Structure formats: C-alpha cells, structure tokens
Amino acid sequence: NKIASAIGSSPLVLENKIYVTTEHFPNQSRIQQINLGNGSVEKQSELFEGLAHSSIASDSKNFVFGTNSGSLISYDFEKMR
C-alpha cells in the first residue's frame, strides 16, 4: 500500500503496531500507526512542516523524529498532538 510520497525513516515496531514517518511533498511529514497484521493505516498525525529525516524514537507514549529543516517533532497518539 502506498501511504505517502516517500517513507522518511526506518519503521519502529512496538506492541504489534508499526510506526513510520512519511513524507508528503513538497515539504511536510507525519507519523503513521500501521496495523502489523494487515498493513492498514490505523492512525496518523496532522502534517508537520519539514521532511522527516530521522528514524522514530519512542517511550511507548511519545514518538519523536527530526526533520531536514532542523526541527525535532514529538507526537502523542493518545492525545493526538
């Protein structure tokens, strides 16, 4: 399944979910939560400015990645922000 213009990071597998940053050209990214079993997108963040440039780090609550414009983005799927 194509879910974006490009994948911006290595995926993170956590608790039977896949988390990946996706790039949406020309200059936006988001984090997507994907079902490990069937590959469907379950949740996705709003669009952030800048293209994802690093893999995701997580403490199981906050998901953090860097962009090619020098921003560090942190996202909480429970709060959806």
Side-chain angles (χ1 to χ4, degrees):
N1 294 341
K2 184 168 176 140
I3 58 174
S5 301
I7 302 297
S9 69
S10 298
L12 170 67
V13 177
L14 186 66
E15 299 174 5
N16 294 317
K17 307 290 181 193
I18 302 168
Y19 296 90
V20 67
T21 56
T22 55
E23 296 177 341
H24 302 269
F25 298 147
N27 192 33
Q28 294 180 311
S29 298
R30 70 170 25 126
I31 301 175
Q32 296 189 0
Q33 176 185 296
I34 299 168
N35 182 293
L36 185 61
N38 64 23
S40 65
V41 175
E42 296 182 334
K43 294 181 183 178
Q44 60 186 12
S45 69
E46 70 271 9
L47 288 168
F48 301 107
E49 289 301 315
L51 295 175
H53 191 72
S54 70
S55 295
I56 301 171
S58 178
D59 64 358
S60 297
K61 180 179 178 198
N62 297 295
F63 295 81
V64 181
F65 71 97
T67 69
N68 64 355
S69 59
S71 296
L72 191 61
I73 306 293
S74 178
Y75 191 78
D76 180 338
F77 271 108
E78 289 179 18
K79 295 180 180 177
M80 296 297 284
R81 60 181 174 95

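Since we're looking at a predicted model, the values are computed, not measured. We use all heavy atoms of the structure for the numbers below, so side chains are in, but hydrogens, waters and symmetry mates are not.
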Ignoring hydrogens, what is the shortest heavy-atom contact between Glu49 and Thr67? Give both atom names and the distance. O-CG2, 4.0 Å
In Å, rounded to the nearest 0.5 Å, how long is the span from NE2 of His24 to CD1 of Ile3? 7.5 Å
State the OH-CD1 distance between Tyr19 and Ile56, to the nearest 0.5 angstrom. 9.5 Å
I'd like to check the side chain to side chain donor-acceptor pair (under 3.5 Å) partners of Asn16; sequence neighbours left out, ordered by chain and number. none
Mind checking what makes side chain to side chain contact (heavy atoms under 4.5 Å, CB included) contact with Ile18, not counting sequence neighbours? Pro11, Val13, Ile34, Leu36
Once side chain to side chain contact (heavy atoms under 4.5 Å, CB included) is applied, do any residues pair with Ser5, and if so which ones, sequence neighbours excluded? Phe25
For Thr21, which of Ser9, Ser10, Ser55, Ser45 qualifies under side-chain hydrogen bond (donor to acceptor under 3.5 Å, both in side chains)? Ser9
Looking at every heavy atom in both Gly50 and Ser29, which two are closest together, and how far apart are they? O-OG, 2.8 Å
Filter on salt bridge (charged side-chain N to carboxylate O under 4.0 Å, His left out), then keep only pairs touching residues 11-21, sequence neighbours left out; what's left? Lys17-Glu42
Side chain to side chain donor-acceptor pair (under 3.5 Å) involving His53 - partner list, sequence neighbours excluded: none
Could you work out, with side chain to side chain donor-acceptor pair (under 3.5 Å) as the rule, every residue matching Ser60, not counting sequence neighbours? none
Which heavy atom of Tyr75 sits nearest to which heavy atom of Gln44, and what is that distance? OH-O, 4.3 Å
Filter on salt bridge (charged side-chain N to carboxylate O under 4.0 Å, His left out), then keep only pairs touching residues 55-74, sequence neighbours left out; what's left? Lys61-Asp76
Going by salt bridge (charged side-chain N to carboxylate O under 4.0 Å, His left out), name the pairs with one or both residues in residues 21-30, residues two or more places apart or in two chains. none
For Ser58, all residues meeting side chain to side chain contact (heavy atoms under 4.5 Å, CB included), sequence neighbours excluded: Leu12, Leu14, Phe63
Hey, any chance Val20 and Val41 share a hydrophobic cluster, counting ILVMFWY side chains that come within less than 4.5 Å of each other, even indirectly? yes
Here the gap from Glu46 atom CD to Ile31 atom CD1, rounded to the nearest 0.5 Å, amounts to 9.0 Å
Given a cutoff of under 4.5 Å between side-chain heavy atoms of I, L, V, M, F, W and Y, with clusters grown through shared members, what are the other residues clustered with Leu47? none
With distance as the sole test, does Asn68 use its side chain to make a donor-acceptor pair with the main-chain N or O of Leu51 at under 3.5 Å? yes
Just to verify, what does Ala57 make a side chain to side chain contact (heavy atoms under 4.5 Å, CB included) with, not counting sequence neighbours? none
